[in-house]
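Working notes, beginning with the structure itself.
Quick note: numbers below take in every heavy atom, side chains included, and nothing from hydrogens, waters or symmetry partners. We name chains A, B, ... by the order of the sequence lines, and we start the count at 1 in each one.
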There are 2 protein chains.
Amino acid sequence: MIQFTKDTASEKYNTRLQTIFNAASEIFAEKGYHQASIRNIAKATGVSLGHLYYYFSNKEELLYKISLNCFESVKFSCVEKLESATDSEERLLIFIENHVSYFVNHLNEMKILAHESDSLTGDFNEEILEIKRNYISILEAIVMEINPKITDPTIITFSIFGMMNWIYTWYNPKISSGISQIVETIFQMAISGIKNFELKKN
Amino acid sequence: MIQFTKDTASEKYNTRLQTIFNAASEIFAEKGYHQASIRNIAKATGVSLGHLYYYFSNKEELLYKISLNCFESVKFSCVEKLESATDSEERLLIFIENHVSYFVNHLNEMKILAHESDSLTGDFNEEILEIKRNYISILEAIVMEINPKITDPTIITFSIFGMMNWIYTWYNPKISSGISQIVETIFQMAISGIKNFELKKN
DNA sequence: ATTATTTTAGAACAAACGTACGATTTTTTA
DNA sequence: TAAAAAATCGTACGTTTGTTCTAAAATAAT
């Protein structure tokens, strides 16, 4: 019985926490982090202003936790899917497919990742930056696998990320069709860019 | 003599106005529009807080004028260069070269355009949106010129813009070399994406 | 049942913000 | 040189913000 009540209490806490994360993600994505107020989140969740601080200790920590959770999820899913693939080009396709797919299925969080990366400061910023660097280096490695002549994959890598991360500025989930055509297009462009990179110099 | 003093007065006004625009652009780009304060601009320019409102009537108008000037400049320069080119692929190269070149040479303003497009409201927003739509349609037309089979150029067009507009997140003018390699890479990827778009369906 | 603990709410605070205002200085005009 | 116009500054106001504090309500423990 104690177990039961404890569990439900904890479950209620976790449910509410998730509600807060979701509402905050939506509001951060819609209004931008600095334009979003804790009062907005209070109204959206039905939790009182003061009580929100029972779930997080300040606004920036909220952004940090949303960013952290999102980054680790997309990265985990990426690494997991890559494990079963050895062919370089297939690995590129998997990376792009995973990123775009996650992007479209978590538009709020990924918009935050793409658009509010400068809003974190200090240690919060440092930690997210570390994960980001690591995630980027996965794609860099794939690029250099496909074309070992490339010594500096910076331009190619960020161009691919540019195509993918720009999605939040134009993709409308209510109108646009599925993601397969987006993935195919970006993959085609990426492959071509990688294979032909610096070809003129030879 | 009157003419002279009048000219210098007007000249001083215009010079100062430009100083304010430049400082505001730098601060908006660095801290983001909403995090930037009029007091920041006052300190950066040496103009007092109150007197700044002699040059603009509110903060949003300042963002609007910066955005408008930047958009019209890059668009004007684009149209001008395109006039002399008839070959579709050459036109694509010109568009990309102009955009990237302007981007790198006006990093602050272009970052504002790319990053603060949601910060304008009402008529300000509407007017910038109109120019943006027009500018986008130039690239869309080029894409469909190159591959007339493309009925909906949305994905391709925004992918190209994604590559170009993402530059502000990684390009470091103090470290990175010239833009020619960036332009070549993006052009290569764009051409490939356009020519091979939806090829699988045939 | 009563005490202790956790959960929740609302008010209060200090800081920062955009903007308006009034006064003062500088420049132009007559 | 006197009057009019402009440029310029510092202050003040009202609002919004993130956060804290206090107290009440609900729940758990003994």
* To the side chain of Ser48(B), which of dG18(D), dG10(D), dA9(C) is closest? -> dG10(D)
In whole angstrom, give the distance that lies between atom [atom1] of [X] and atom [atom2] of [N].
X: Tyr33(A); N: dT17(D); atom1: OH; atom2: P; result: 13 Å
X: Leu62(A); N: dT19(D); atom1: CG; atom2: P; result: 10 Å
X: His51(B); N: dA20(C); atom1: NE2; atom2: P; result: 16 Å
X: Asn14(B); N: dA7(D); atom1: CG; atom2: P; result: 12 Å
X: Lys59(A); N: dT20(D); atom1: NZ; atom2: C1'; result: 17 Å
X: Tyr13(A); N: dT6(C); atom1: OH; atom2: C1'; result: 12 Å
X: Glu61(B); N: dT19(C); atom1: CD; atom2: C1'; result: 13 Å
X: Leu49(A); N: dG18(D); atom1: CG; atom2: C1'; result: 8 Å

Does a side-chain N or O of [X] approach OP1 or OP2 of [N] to a distance below 4.0 Å, or not?
X: Lys12(A); N: dT27(D); answer: no
X: Tyr54(B); N: dT8(D); answer: no
X: Tyr53(B); N: dC21(C); answer: no
X: Arg39(A); N: dT19(D); answer: no
X: Arg16(A); N: dT8(C); answer: yes

* Asked: At under 4.0 Å between heavy atoms, what does Phe56(A) touch on the DNA or RNA strands: base, sugar-phosphate, or nothing?
  -> nothing
* To do: Under 4.0 Å between any heavy atoms, over every strand shown, what does Ala42(A) touch: base, sugar-phosphate, or nothing? Just pick one.
  => nothing
* Structure fact -> Judged by nearest nucleotide, the residue sitting upstream toward the 5' end of DNA chain D, Ser57(A) or Asn40(A), is Asn40(A)
* Asked: Has Lys43(A) got more than 12 heavy atoms of other residues, nucleotides or ligands less than 6.0 Å from its NZ?
  -> no
* Asked: Taking the six-membered ring for Trp, are Phe71(A) and Tyr64(A) ring centroids under 6.0 Å apart?
  -> no
* **Ring-ring centroid check Tyr13(A) Tyr55(A), cutoff 6.0 Å** => yes
* Without hydrogens or angle criteria, can the side chains of Glu30(B) and Gln35(B) be said to hold a donor-acceptor pair below 3.5 Å? -> no
* Judged by modelled atom types alone, do Ser37(A) and Asn40(A) share a side-chain donor-acceptor pair under 3.5 Å? -> yes
